[in-house]
Amino acid sequence: MNAGVDEFGGVDLCHANAADLSVPVITGDTDALDVDLAIWDRTMQVNLRGFLLTTRQVIPQMLDRGAGAIVFTSSAASFVGEPARPSYAAAKSGVNALMRHVASKWGKQRIRANAIAPGLVVSDEMSEVIPEDLQRRTLKGTRLWRLGHPNDIAAMVAFLLSDDGEWITGQVVSVDGGVTLR
C-alpha cells in the first residue's frame, strides 16, 4: 500500500477481494461436525481477518483525504444456508458485518462501505476447469440465460465505488444472475 500512497498521494477507493478457494480448503469445508479446525482457521484468516487488516490500512488513509469508498467481496453463501462450507459462509457473514460496521462508524466522515455477493463467476480460463455438469446445474438455478463473468463483478464494484453510487452504503448487493432474490 505504501507504494500506492507514494505514487498517488493516498487511498480513495478500495475493493477488498479475497478468498482461499484452493481444492483442499473447499473440499475440506464439510460441515460443522467434521470440518478440520485447520480448515476453519485458514478460511477465517483469509476470508475475514484479511478484510479486517485491509480495513485497518485504508480507513486512516481515507480519513486523511476526507472521503472514501470500500467494496468488500462477500458471497451468497453468507445468507443462503448451504449444507456444506460452514467456514466459508461464516467468514463471508463476518465480512457483511464488518462492512456494516464501517458504513455505520465512518459514514458521517464520508466513507462509504458496501459488499457484493457474487454467484458462480466463470472466466474463460475457469470454464475449462470447472466441471461442465456443475456449470449446467448452476445455470439451471439462475433466472438468466448465462453464468456470471468477471466483468459483471467489475461493473458493480466500479459503480459502487463511483460518484454514481454515492448514496449507497451498508448494502450487500447480489450479483448472481438472480439465484438469490431478496
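Owing to the predicted nature of the structure, the values given are computational and were not obtained by experimental measurement.
- Val175 and Leu144 are members of different hydrophobic clusters when ILVMFWY side chains are connected at heavy-atom separations under 4.5 Å.
- Taking the side chain as every heavy atom from C-beta outward, Val95 and Leu48 approach each other to under 4.5 Å.
- Contact check for Thr43 versus Val25: side-chain heavy atoms found under the 4.5 Å cut-off.
- Two residues are said to be in side-chain contact when any heavy atoms from C-beta on lie closer than 4.5 Å; Ile70 and Ile59 meet this criterion.
- Note: the hydrophobic cluster containing Val121 does not contain Leu134 (ILVMFWY, side chain heavy atoms under 4.5 Å, direct or indirect links).
- Heavy-atom minimum distance, Ser74 versus Ala115: CB-CB, 4.2 Å.
- The two residues Pro83 and Asp31 make their nearest non-hydrogen contact at O-CB, 4.3 Å.
- You'll find the side chain of Asp152 reaches within 4.5 Å of the side chain of Arg146, heavy atoms only.
- Scanning both residues, Met62 and Val11, for their nearest heavy atoms gives CG-O, 3.5 Å.
- Within the 4.5 Å cutoff, no side-chain heavy atoms of Leu53 are placed close to those of Thr55.
- Hydrophobic clustering (side-chain heavy atoms under 4.5 Å, transitive across Ile, Leu, Val, Met, Phe, Trp, Tyr) groups Met156 together with Ile153.
- Relative ring orientation between Phe51 and Phe72 is described as tilted, the plane-to-plane angle lying within the 30° to 60° band.
- To the nearest 0.5 Å, atom OG of residue Ser174 and atom CZ of residue Arg182 are 4.0 Å apart.
- Asn114 places none of its side-chain heavy atoms less than 4.5 Å from the side chain of Val172.
- The heavy-atom pair separating Val102 from Ala113 by the smallest distance is CG1-CB, 3.6 Å.
- A heavy-atom distance below 4.5 Å is found between the side chains of Leu181 and Arg143.
- The side-chain heavy atoms of Thr54 and Cys14, taken from C-beta on, include a pair separated by under 4.5 Å.
- The closest donor-acceptor contact from the side chain of Asn47 to the backbone of Ala91 lies at 3.5 Å or more, if one exists at all.
- Atoms CD1 and CG, from Ile26 and Asp20 in turn, are 7.5 Å apart once rounded to the nearest 0.5 Å.
- Salt bridge Arg85/Asp29: absent, no basic N to carboxylate O contact under 4.0 Å.
- Open room surrounds CZ on Arg56; 12 or fewer heavy atoms of other groups in view lie less than 6.0 Å from it.
- In terms of hydrophobic clustering, with Ile, Leu, Val, Met, Phe, Trp and Tyr side chains grouped at heavy-atom distances under 4.5 Å, Met44 and Leu98 are assigned to a common cluster.
- Residues Leu161 and Met99 fall into different hydrophobic clusters, defined by Ile, Leu, Val, Met, Phe, Trp and Tyr side chains chained together at heavy-atom separations under 4.5 Å.
- Annotation: the span from Glu82 atom CD to Tyr88 atom OH amounts to 8.5 Å, rounded to 0.5 Å.
- Looking only at distances, no side-chain donor or acceptor of Arg110 sits under 3.5 Å from a matching main-chain atom of Ala67.
- Comment: Arg42 does not engage Asp36 in a salt bridge, judged by the lack of any side-chain N to carboxylate O separation of less than 4.0 angstrom.
- Residues satisfying the salt bridge (charged side-chain N to carboxylate O under 4.0 Å, His left out) test with Arg136, not counting sequence neighbours, are Glu132.
- Separating the CD atom in Gln57 from the CG atom in Leu52 is a distance of 10.5 Å, to the nearest 0.5 Å.
- Judged by distance alone, the side chain of Ser78 and the main-chain N or O of Ser75 form a donor-acceptor pair under 3.5 Å.
- To the nearest 0.5 angstrom, Leu120 atom CG is 4.5 Å from Thr138 atom OG1.
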**Request:** Please test Phe159 against Ile168 for side-chain contact (heavy atoms from CB on, under 4.5 Å), starting from the C-alpha separation and ending with a verdict.
**Result:** CA-CA 10 Å; Phe159 171 73; Ile168 303 169; 3.6 Å; yes
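- Here Thr169 pairs with Ala103, Arg112 under the side chain to side chain contact (heavy atoms under 4.5 Å, CB included) rule; sequence neighbours left out.
- In this structure, Lys140 contributes its side chain and Gln135 its backbone to no donor-acceptor pair below 3.5 Å.
- A donor and an acceptor atom, one from each side chain of Asp176 and Thr180, are located under 3.5 Å apart.
- In this structure, the separation between CD on Gln45 and CH2 on Trp40 is 14.5 Å, given to the nearest 0.5 Å.
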**Message:** I'd like to know whether Ile116 forms a side-chain contact (heavy atoms from CB on, under 4.5 Å) with Val71, so could you lay out the CA-CA distance, the side-chain angles of the two residues, the decisive distance to 0.1 Å, and finally the verdict.
**Reply:** CA-CA 7 Å; Ile116 57 166; Val71 175; 4.1 Å; yes
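- Here the shortest heavy-atom pairing between Ala89 and Ala77 reads CB-O, 3.2 Å.
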